[in-house]
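These notes are about the structure you will find just below.
Just so it is clear, the model here is predicted, and its values are computed rather than measured. Labels below follow one simple rule: chain letters A, B, ... track the order of the sequence lines, proteins then strands, and each chain is numbered from 1.
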Amino acid sequence: MDIPYTTQARPDTGVYNAKVGVWLFLASEVMLFGALFSAYILLRVGALPADWPHGLLNIPIGTFNTAVLITSSVTVVMAWASLKMGRFDRFKIFQTITVLCALAFLGIKTFEYRDKFTHYEVWKTDGSRLTGHIEGKPAFLTLDKLKDAKVEKIHFLPDPHHYAEGRLAARKHDVEHKAVEIPVSDIKRLSAFVPAHSTYFAIYFTLTGLHALHVLGGAIVIAYLLGPGSRMWFTEPERFINRVETSGLFWHFVDLVWIFLFPVLYLL
Amino acid sequence: MSESPEHVSRHVRGYLIVGAALLIGTVLTVWASYIDLGHQWNIVLALIIASAKASLVALFFMHLISERQMIYLVLGFTAFFFAGLMALTIGAYHDFPPFTVTR
Amino acid sequence: MNTQATQTMPHAAAVAAVEHEDVGFWRKYIFSTDHKVIGIQYAITALVFLLFGFGLIMMMRWQIAHPGQPIPVIGPLLEATLGQVAAKGIMSPDLYNSFGAMHGTIMIFLGVVPLAFAAFGNYVVPLQIGAVDMAFPRVNMASYQAYLIGGIIMFVSFFIPGGAAQAGWTSYSPLATVIPTHGQTFWLIGMVFLITSSLLGAVNFIATIIQLRAPGMTWMRLPFFVWAQFVTAFLLLLAFPPLEAAAIMQLADKLLGTSFFLPTGLAVGGQLANISGGGSPLLWQHLFWFLGHPEVYVLILPAMGIVAEIITNNTRKPIWGYKSLVYSALAIGFLSFIVWAHHMYLTGMGTKIATFFQTTTMIISIPSVIILTCLFLSLWGGSIRFNTQMLFALAFLPMFGIGGLTGLPLGFAASDIHLHDTYYVIAHFHYVVAPGTIFALFAGIYHWFPKLTGRMMNEFWGKVHFWGSLIFMNIVFQPMFAQGMAGMLRRMADGGANYSAAVAPEAIGTLSHWIMQLHTYILWGAVGLALVQIPFIINLFWSLKHGQPVKSDNPWQATTLEWQTPPPPPHGNFDKPITVYRGPYEYSVPGHATDFTPQNEPPRGKAES
Amino acid sequence: MQTLWESIRTIFSRVLGLPVLASENGRGVDDLIIYIHLLMIALFVGWLAYFVYVLWRFRQPRQPRADHFGIRNHASSYIEGVVVVVEGVLLLFVAVPLWAKTVDKLPPEEESTVVQVVAQQFDWNFRYPGKDGKFGRQDMKFVTDLNKFGVDPNDPAGKDDVETQSQMHVVVNKPVLCYVSSKDVIHSFKIIALRVTQDAIPGMRVPVWFKPTKEGVYQIKCAQLCGNGHYSMSRGRLIVESQEAFDKWLASRQPGIAESFE
Ligand code: HEA
Ligand code: HEA
Ligand code: CUA
Ligand SMILES: [Cu+2]
């Protein structure tokens, strides 16, 4: 038993099944990320300016990662075009680059995440706030953990300016910064830049984490079509091209989401 | 899409141009974020650039520009409901009885 | 969309159907990709969950009628399995809340949606459009498996320490987040699986209906049931993802300590909570109801589809106003995305937004009125056959009528002031989902049973089931309107005893003795309802083996394509190529020999194939 | 005419089982409920009569062969038209203005009894501005076990404020303006006989007003699931009394943040 229109387009709709399927799936993805974007806007509008960090993310790295993802989008569409022109060898080259780009993207993202987990904010009992690093670069430290470990003071390497001053403030300050000692009893709250830090980081990690999962999923599918899945090229080339096209559609969508995430999270 | 190989080879150049445009767009947003236009206008500008980039991806890489009506229909509804979700939720946050305090 | 008859290529499938694939037990019944098997898997699982959800509410109803007293028979059993929360066989408030939340969740997400959409849709839609299977058989299988996993997670959560979720099926934050047990975590993870399942199903249904219609099956020749499923699939596709996003955020609030839905200054127990704050409880409500409202039409549209099929078949005449029905279903689907905040009038809503949502709520009631009108008018001039499925389908009309009409006073913000969160709301929506949707589902089961098995269900016991269900459903739900009007609130572990005149004799406007008394009637009504389900369950299993075998492929003399193939249909569905020549409901066509003309019967003049 | 409607009203609020009404603002709510139910009853009875007739008239033994075309007139369109018009009229001329009045036309603070309401698991807290008519400054950072409203202990305006638990006193025939909030989860402030409902949402403070017309004691209900004690969050009492009685009660209260509650 064969299901019709898996390879050929149905004449009156002009598309084959998988393409309908993937576009429908992408429509639901639009609603998924759309809901998270709405959440982002509401949280941001509802936040006090002092609680919404600017300029904490590394813009050069973010820009580079954007370029990586855009490049992969170009190679994906080129890979498909190569197949269309019968150039299986070029397809392999392009898709290999795509997968490498995906890995690079994820690697850089991991690096960025780790950076955040060792970066802290201290709310002191006198109401002042400091951001910076704790000596020894521990990750995921909290006040409770400090107290449990009976630590009395921490050595803190403050940042030149607090994020509440805005991203552009970074240029104004240029003083060298020294480690300070903060008694634990002076600390009201201590949090690394983890989701629990603030609604900003909560939505940042949710959006980028979900996006990274999509990158991972897309990369696995593309790698499969590059490796074991590519045997189909020799038996059912049309169907194989369709598969590459649909996986490409998904990949472009992932790219498209990032195109919004980058300015919204890094720049604004 | 059931396009002929010759057709596709003509598109390839287009893909490269779009790719270059996207990279330029990326640099552009970063650059624009450093000029102080007033917070609102910075947001507006960044979103305009992002939308332009997104349209390029959707229209050319995803071939939406030559897609079938059926897919437009699906996406049209999705866009509408997405807009509704955004606009009405945010609208509801700005429409409370007088003297309501939030936060 | 193309409404012209299109000549597409003949199905390769027809030929392929004959070749028998021998795939062994596991591939055939457990990891099957055949839409018919998956449909049956869905149906069985969903029926079991319906029964389970019913069981939960039976215990709750007993406890409501007799607060503080042990539940007879089942009480000790509860204590043995769940422990302290059911000490001495009495339901603790925690247990009551978790049963309530799970009753709602199970009935909706594990019972009715899988049965009405996934089971009936899977079995019937490909047959009705003349397709060999669903467009993506393996996605279909994955959809069922995700559903099963989600269901198992929900079920298991009853037995973890602290028990299942307790914050209502609506899971409002902060309550859902601050309850210290893990039930809510299970609920959220379970929901993510159920949502995934529905999304996969929805993609599959839409692609199937768009792509796999048989030659000649144009859009306006689709049976109304297919249209209803089509719209339903879109609702699931586009409304569920925001809830998935919300579930992820609530999960983060619970596990990672974020504050998506937790405001600044939250002080649970004496102290300020140790969280960053800055979130918004209303955000959860918006995202929940953005799904929640379309979801209720997910419950009703397939039911309307089933009812339309059965009414037209048993009146032996075309459905009245086929196009109005289709356009109304589309309008409902479209509008259902922009009415959600009518569940949130009393959260402090300003005039502008309230006006918007009141208006859309009133507008969306119009297509429902049109659908009902069409179904009513279809009866005129018919030759009505009162078999069991027809009785259930007919009863659906006034029952849905009551439920739908009582939605109107809830739809106005000002009258909702009095009715919000009372049993009036409970009665409103149970009239639509219980004697409404559930009756339609019963009707569908009696109607399509011969298709699945080649045997008929017993008519006599079917009628016992019908009359019993009709009477007892009304005994259960009718008094709830009176209770709600009098101000009885929902989700009361003691059935409102604390708000009764007996407890607060000095206060004005408390619940009278008479209102409290109604609990007893409802309880016995529910017991009666349970008893009359027994003949149904026995009938179902007994008829599998001993039911009267059907005399032809088309025992109800229907026009739609699912009856043009042997019961049960072979792998690949049709043993001959199917071409469609006419609309779905050509009954009693003047001048035609029989009183029905199947969709694939070649027009006179054309040679028989 | 006036009295005719009045008696129809009385009859219908009986038939529908509406509870006693003890506020001015509640009249509109009841009226709206009655109007809609009239529409609902008309539709239901009309269609039910048709339904029963049709089932009898067109049963198979009596009508062996169906008529392919069925009804050919457009009566149903008129019925639908009437439904649209009635719903539209109710919406535009009754429901929307009534809601606008409910949420926008708040009584001026000077002319009303102003009360802050904070819900908690599982009771109600109330706060009155005391003699100076001004509430002390509030901030969530001051919230503790006892200082549920987060009153700034350094603000002099707060010194004479009066706090109570469970008991809310108001003056009859004088508007009451409540600012409803919650300190933990969402509750809902509901008084049946006064037709007032307002969700109490943490992080928000929403005004709601009513004008009681009958002296007496009313139960304050919590209408939103708020945990395992939701069903028993029933200690709240609204006491509607004369101005003298109210003044006497207020004067008898210890001002400042309540240290202990009876
Ligand atoms: C299948 C489910 C379903 C359906 C179809 C509906 C249909 C409608 N619902 Fe309902 N609703 C629910 C399920 C449903 N609802 C649920 C589950 C809840 C509670 C959720 C919770 O809080 O837990 C709810 C709650 C709910 C509320 C919130 C109440 C509150 O919490 O305070 C509101 C408010 O506007 C509302 C309105 C409506 C309206 C206007 C319709 C309209 O679409 C109805 C239109 C139909 C008609 C107008 C009938 C027309 C019929 C005739 C004219 C013929 C009559 C003939 C005879 C009787 C013979 N519903
Ligand atoms: C589809 C949805 C659905 C359905 C069908 C039902 C069905 C029923 N519900 Fe439910 N209910 C809800 C959805 C539903 N409910 C929701 C969403 C809530 C709100 C929860 C919350 O507060 O968060 C609720 C709450 C709710 C309450 C309020 C609880 C409270 O507020 O404290 C009550 C009270 O009586 C109640 C009663 C009933 C009854 C008596 C039925 C009866 O109609 C049940 C009848 C059942 C059957 C007739 C089952 C038939 C099945 C079979 C016979 C299976 C056969 C099996 C095999 C062959 C294997 N329900
Ligand atoms: Cu407080 Cu319910
Ligand atoms: Cu709704």
**Item:** Side-chain donor-acceptor pair present, A:Tyr16, A:Glu245, cut-off under 3.5 Å
**Value:** yes
**Asked** Does the side chain of A:Ser128 pick up a donor-acceptor pair with the side chain of A:Asp126 at under 3.5 Å?
**Response** yes
Pick one of side chain, backbone, both or neither for [X], based on which atoms fall under 4.5 Å of a heavy atom in chain C.
X        : answer
A:Thr199 : both
A:Val15  : both
A:Leu210 : side chain
A:Asn17  : both

Greatest number of heavy atom pairs closer than 4.5 Å to chain A - which of [options]:
options                                : result
C:Leu287, C:Ile248, C:Ile210           : C:Ile210
C:Pro242, C:Ala239, C:Ala252           : C:Pro242
C:Leu238, C:Asn204, C:Asn274, C:Leu256 : C:Leu238

Checking heavy atoms, do the side chain of [X], its backbone, both or neither come under 4.5 Å from chain A?
X        : answer
C:Phe234 : side chain
C:Phe136 : side chain
C:Met249 : side chain

**Prompt:** How are the rings of A:His119 and A:His133 set to each other: parallel, tilted or perpendicular (split at 30° and 60°)?
**Reply:** parallel
**Item:** C:Asn140 vs C:His35, side-chain hydrogen bond (donor to acceptor under 3.5 Å, both in side chains): CA-CA, chis, key distance, verdict
**Value:** CA-CA 7 Å; C:Asn140 207 9; C:His35 74 100; over 6 Å; no
**Message:** Is the terminal nitrogen or CZ of A:Arg243 (NZ for Lys, CZ for Arg) located under 6.0 angstrom from the six-membered ring centre of A:Trp233 and within 45° of that ring's axis?
**Reply:** no
**Side-chain heavy atoms of C:Thr565 within contact of C:Asn573, under 4.5 Å** = no
**Request:** Would you mind reporting whether C:Trp340 and C:His286 have side-chain heavy atoms less than 4.5 Å apart?
**Result:** yes
**Prompt:** Between A:Ser28, A:Ala39, A:Gly34, A:Ala27, which residue shows the highest count of heavy-atom pairs closer than 4.5 Å to chain C?
**Reply:** A:Ser28
**Request:** Could you walk me through whether A:Glu29 and A:His214 pass side chain to side chain contact (heavy atoms under 4.5 Å, CB included), step by step?
**Result:** CA-CA 10 Å; A:Glu29 294 274 87; A:His214 279 75; 2.3 Å; yes
